[in-house]
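Any value given below was found using the heavy atoms of this structure, including those in side chains, with hydrogens, waters and symmetry copies removed. Both counts, for ligands and for their atoms, begin at 1 and track the order of listing. Small disclaimer: the values here were computed from a predicted structure and weren't measured.
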Amino acid sequence: MKNTLYPVFLKLDRLKMLIVGAGEVGCEKLTFLLKSSPDAHITVVAREVLPPVSELLEHYPDVDLNIIRKDFEPADTEGFDLVIAATNFEDLNRQVRDAAKAHGALVNVADTPALCDFYLGSIVTRGSLKVAISTNGQSPTFAKRFRQWLEAILPEETDALLSHLKVFRDQLKGDFETKVKTLNDLTASLVEERQNQQTW
Ligand SMILES: C[C@@]1(CC(=O)O)c2cc3[nH]c(cc4nc(cc5[nH]c(cc(n2)[C@H]1CCC(=O)O)[C@@](C)(CC(=O)O)[C@@H]5CCC(=O)O)C(CC(=O)O)=C4CCC(=O)O)c(CCC(=O)O)c3CC(=O)O
Ligand SMILES: NC(=O)C1=CN([C@@H]2O[C@H](COP(=O)(O)OP(=O)(O)OC[C@H]3O[C@@H](n4cnc5c(N)ncnc54)[C@H](O)[C@@H]3O)[C@@H](O)[C@H]2O)C=CC1
């Protein structure tokens, strides 16, 4: 099966996100979102809210997380750029999707991949480096395990290396072509030395 998804890296501090449903799945999505993007602006609308969701407010004291305990109404999706439907009712999730689409948002429907405009991925972070993993919806568990494997093998000094490269990059003189060649020559050993060292 060909994976035609196109990954992008969203600046969630500039967007408004709504999550409808705050059970196991809403909580999981929210936890991973905040872990990666604690500067996100997130509103949660749910009839009932699991305690771990409210506890996130203690874990991220500066977070812009607005938890509203109420039944979902279509008007709740107004003004949001991204909407996640994570209730335990398929029909309700579809209603959330329809309302969100009518308001121009991109939608993720947790129980129905066919209705999703985007999927959430497994995420590995090492300072400035971020790797997003998707299995095309085939096996989120594989995505999770692959994340854990990458987390285990990525050296701690990865972020320091990126910082050094940024300093070097800023100091480079010459035209674009010369800069590209210098940076490629400098980093060639990263690929050569590591090739065939680690396998999945
Ligand atoms: C399509 C997608 C839509 C979306 O949610 O965005 C989707 C859909 C579904 N997930 C289901 C189940 C599980 N999901 C997880 C975990 C994760 N799910 C995530 C993403 C995605 N899940 C998107 C595709 C990603 C891709 O392309 O690979 C991760 C990566 C990111 C995140 O959630 O933030 C996160 C791991 C985070 C991490 O640890 O790094 C686990 C494992 C666990 O929790 O241990 C299970 C149980 C085991 C199993 O079923 O595999 C079900 C069945 C529900 C049911 O049966 O009722 C559906 C619906 C369906 O497939 O029909
Ligand atoms: N994408 C994914 O990674 C996964 C998706 N799922 C699917 O996600 C869905 C949700 O599962 P859980 O979180 O375990 O369910 P849950 O029962 O723990 O939580 C459901 C949430 O929806 C809220 N809700 C229900 N009716 C509502 C209404 N009218 N208005 C506002 N909020 C309402 C509940 O109060 C609760 O907060 C299920 O359909 C499940 O199949 C399950 C596992 C993983």
Chemist: Looking at Asn136, which atoms of ligand 1 are within less than 4.0 Å of one of its heavy atoms?
Modeler: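 Within the 4.0 Å cut-off of Asn136, ligand 1 contributes 27 (O).
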Chemist: Name the closest protein heavy atom to atom 24 (C) of ligand 1, giving the residue it belongs to and the distance to 0.1 Å.
Modeler: Gly137 CA, 3.8 Å
Chemist: What residue and atom, counting heavy atoms only, is the protein's closest point to atom 61 (O) of ligand 1, and at what distance?
Modeler: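 Scanning the protein heavy atoms, the shortest distance from atom 61 (O) of ligand 1 goes to Pro113 CG, 3.7 Å.
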Chemist: Hey, mind stepping through Arg126 and Asp159 against salt bridge (charged side-chain N to carboxylate O under 4.0 Å, His left out) and telling me if it holds?
Modeler: CA-CA 6 Å; Arg126 273 286 179 285; Asp159 191 44; over 6 Å; no
Chemist: With heavy-atom distances below 4.0 Å as the criterion, list the atoms of ligand 1 near Lys29.
Modeler: 4 (C), 5 (O), 18 (N), 19 (C), 20 (C), 32 (C), 33 (O)
Chemist: Determine, step by step, whether Leu115 and Asn93 satisfy the side chain to side chain contact (heavy atoms under 4.5 Å, CB included) criterion, reporting the C-alpha distance in whole Å, the side-chain angles of both residues, the deciding distance to 0.1 Å, and the verdict.
Modeler: CA-CA 10 Å; Leu115 294 181; Asn93 284 341; over 6 Å; no
Chemist: Does this structure show an ion pair linking Lys166 with Asp170, if we count only N-O contacts that are shorter than 4.0 Å?
Modeler: yes
Chemist: Carefully, step by step, assess Asp185 and Thr182 under the rule side-chain hydrogen bond (donor to acceptor under 3.5 Å, both in side chains).
Modeler: CA-CA 5 Å; Asp185 289 349; Thr182 310; over 6 Å; no
Chemist: I want to confirm something. Looking only at heavy atoms, which of Val96, Val49, Ile19, Val25 is nearest to atom 12 (P) of ligand 2?
Modeler: Val25
Chemist: Below 4.0 angstrom from a heavy atom of Ala46, which ligand 2 atoms are there? Numbered from 1 as shown, please.
Modeler: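 Selected atoms, number and element: 31 (C), 32 (N), 37 (O).
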Chemist: Starting from atom 39 (O) of ligand 1, what is the nearest protein heavy atom, named by residue and atom, and what distance separates them?
Modeler: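 Checked against all protein heavy atoms, atom 39 (O) of ligand 1 sits closest to Arg147 NH2, 2.8 Å.
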Chemist: Can you check whether Leu12 reaches Ile42 side chain to side chain, under 4.5 Å on heavy atoms?
Modeler: no
Chemist: Rounded to the nearest 0.5 Å, what separates atom CZ in Arg94 from atom CG in Asp91?
Modeler: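 Answer rounded to 0.5 Å: 8.0 Å.
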Chemist: Within the 4.0 Å heavy-atom shell around Ser134, which atoms of ligand 1 are there?
Modeler: 26 (C), 27 (O), 28 (O)
Chemist: If you measure from atom 31 (C) of ligand 1 to every heavy atom of Gly121, Ala143, Ser139, Ala114, which option wins on shortest distance?
Modeler: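 Shortest heavy-atom distance from atom 31 (C) of ligand 1: Gly121.
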Chemist: Suppose I only count heavy atoms of Leu92 and a 4.0 Å limit; which atoms of ligand 2 are within that range?
Modeler: 26 (N), 27 (C), 28 (C), 29 (N)
Chemist: Quick one: which of Ala132, Ala110, Ser122 has a heavy atom closest to atom 59 (C) of ligand 1?
Modeler: Ala110
Chemist: When you measure from atom 25 (C) of ligand 1 to each heavy atom in Ile133, Thr135, Leu120, which option holds the nearest one?
Modeler: Leu120
Chemist: Give the single entry among Asn88, Val109, Asn93 that approaches atom 24 (N) of ligand 2 most closely by any heavy atom.
Modeler: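 The nearest heavy atom belongs to Asn88.
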Chemist: Could you pull out, from Glu28, Glu24, Arg47, the option with a heavy atom nearest to atom 31 (C) of ligand 2?
Modeler: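 Minimum heavy-atom distance to atom 31 (C) of ligand 2 goes to Arg47.
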Chemist: How long is the gap from CG on Leu56 to CD1 on Ile67, to the nearest 0.5 Å?
Modeler: 7.5 Å
Chemist: In plain terms, say whether Glu151 and Arg147 are close enough for a salt bridge, that is, a side-chain N and a carboxylate O under 4.0 Å apart.
Modeler: yes
Chemist: What I want to know is whether Val20 and ligand 2 share at least one N or O pair that is separated by under 3.5 angstrom.
Modeler: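 No, Val20 has no N/O under 3.5 Å of an N/O on ligand 2.
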Chemist: Leu10 versus Leu15: any side-chain heavy-atom pair under 4.5 Å?
Modeler: yes
Chemist: For atom 57 (O) of ligand 1, is there a protein heavy atom at a distance under 4.0 Å?
Modeler: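 No, because not a single protein heavy atom sits under 4.0 Å from atom 57 (O) of ligand 1.
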Chemist: Considering only heavy atoms of Glu48, which atoms of ligand 2 have at least one such atom less than 4.0 Å away?
Modeler: 35 (O), 36 (C), 37 (O)
Chemist: Identify the protein heavy atom lying closest to atom 16 (C) of ligand 1, giving its residue, its atom name and the separation to 0.1 Å.
Modeler: Glu28 OE2, 3.4 Å
Chemist: Starting from atom 7 (C) of ligand 1, locate the nearest protein heavy atom and write down its residue, its atom name and how far away it is, to 0.1 Å.
Modeler: Pro140 CG, 4.2 Å
Chemist: Rounded to the nearest 0.5 Å, how far apart are OG1 of Thr187 and CD of Glu192?
Modeler: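 With rounding to 0.5 Å, OG1 (Thr187) is 9.5 Å from CD (Glu192).
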Chemist: With a cut-off of 4.0 Å, which atoms of ligand 2 are near a heavy atom of Ala110?
Modeler: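 Every atom of ligand 2 under 4.0 Å from some heavy atom of Ala110: 1 (N), 2 (C), 5 (C), 8 (O).
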Chemist: Hey, is Pro140 one of the residues with a heavy atom under 4.0 angstrom from ligand 2?
Modeler: no
Chemist: Which residue from Thr87, Asp71, Leu120, Asn108 reaches closest to atom 10 (C) of ligand 2 through any of its heavy atoms?
Modeler: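 Going through Thr87, Asp71, Leu120, Asn108 one by one, Thr87 has the nearest heavy atom to atom 10 (C) of ligand 2.
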Chemist: May I ask you to list the atoms of ligand 2 that are less than 4.0 angstrom from any heavy atom of Ala22?
Modeler: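 Those qualifying, in numeric order: 21 (C), 36 (C), 37 (O).
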Chemist: Of the protein's non-hydrogen atoms, which lies at the shortest distance from atom 43 (C) of ligand 1, and what is that distance?
Modeler: Lys144 NZ, 3.8 Å
Chemist: Any sub-3.5 Å donor-acceptor pair from Asp81's side-chain atoms to Lys16's backbone N or O?
Modeler: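 Side chain of Asp81 to backbone of Lys16, a donor-acceptor pair under 3.5 Å: yes, one is there.
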Chemist: Going by the closest heavy atom to atom 2 (C) of ligand 1, which one wins out of Phe142, Phe32, Tyr119?
Modeler: Tyr119
Chemist: Considering only non-hydrogen protein atoms, determine which one is nearest to atom 42 (C) of ligand 1 and report residue, atom name and distance to 0.1 Å.
Modeler: Thr141 OG1, 3.8 Å
Chemist: Out of curiosity, is Glu90 lining ligand 2, as in a heavy atom under 4.0 Å away?
Modeler: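 Judged by the 4.0 Å heavy-atom criterion, Glu90 does not count as contacting ligand 2.
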Chemist: Return the residue, atom name and 0.1 Å-rounded distance of the protein heavy atom closest to atom 4 (C) of ligand 1.
Modeler: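 Ranked first by proximity to atom 4 (C) of ligand 1 is Asn108 ND2, 3.3 Å.
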Chemist: What protein heavy atom lies closest to atom 40 (C) of ligand 2? Include the residue and the distance to one decimal.
Modeler: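 Ranking protein heavy atoms by distance from atom 40 (C) of ligand 2, first comes Asp111 CB, 4.2 Å.
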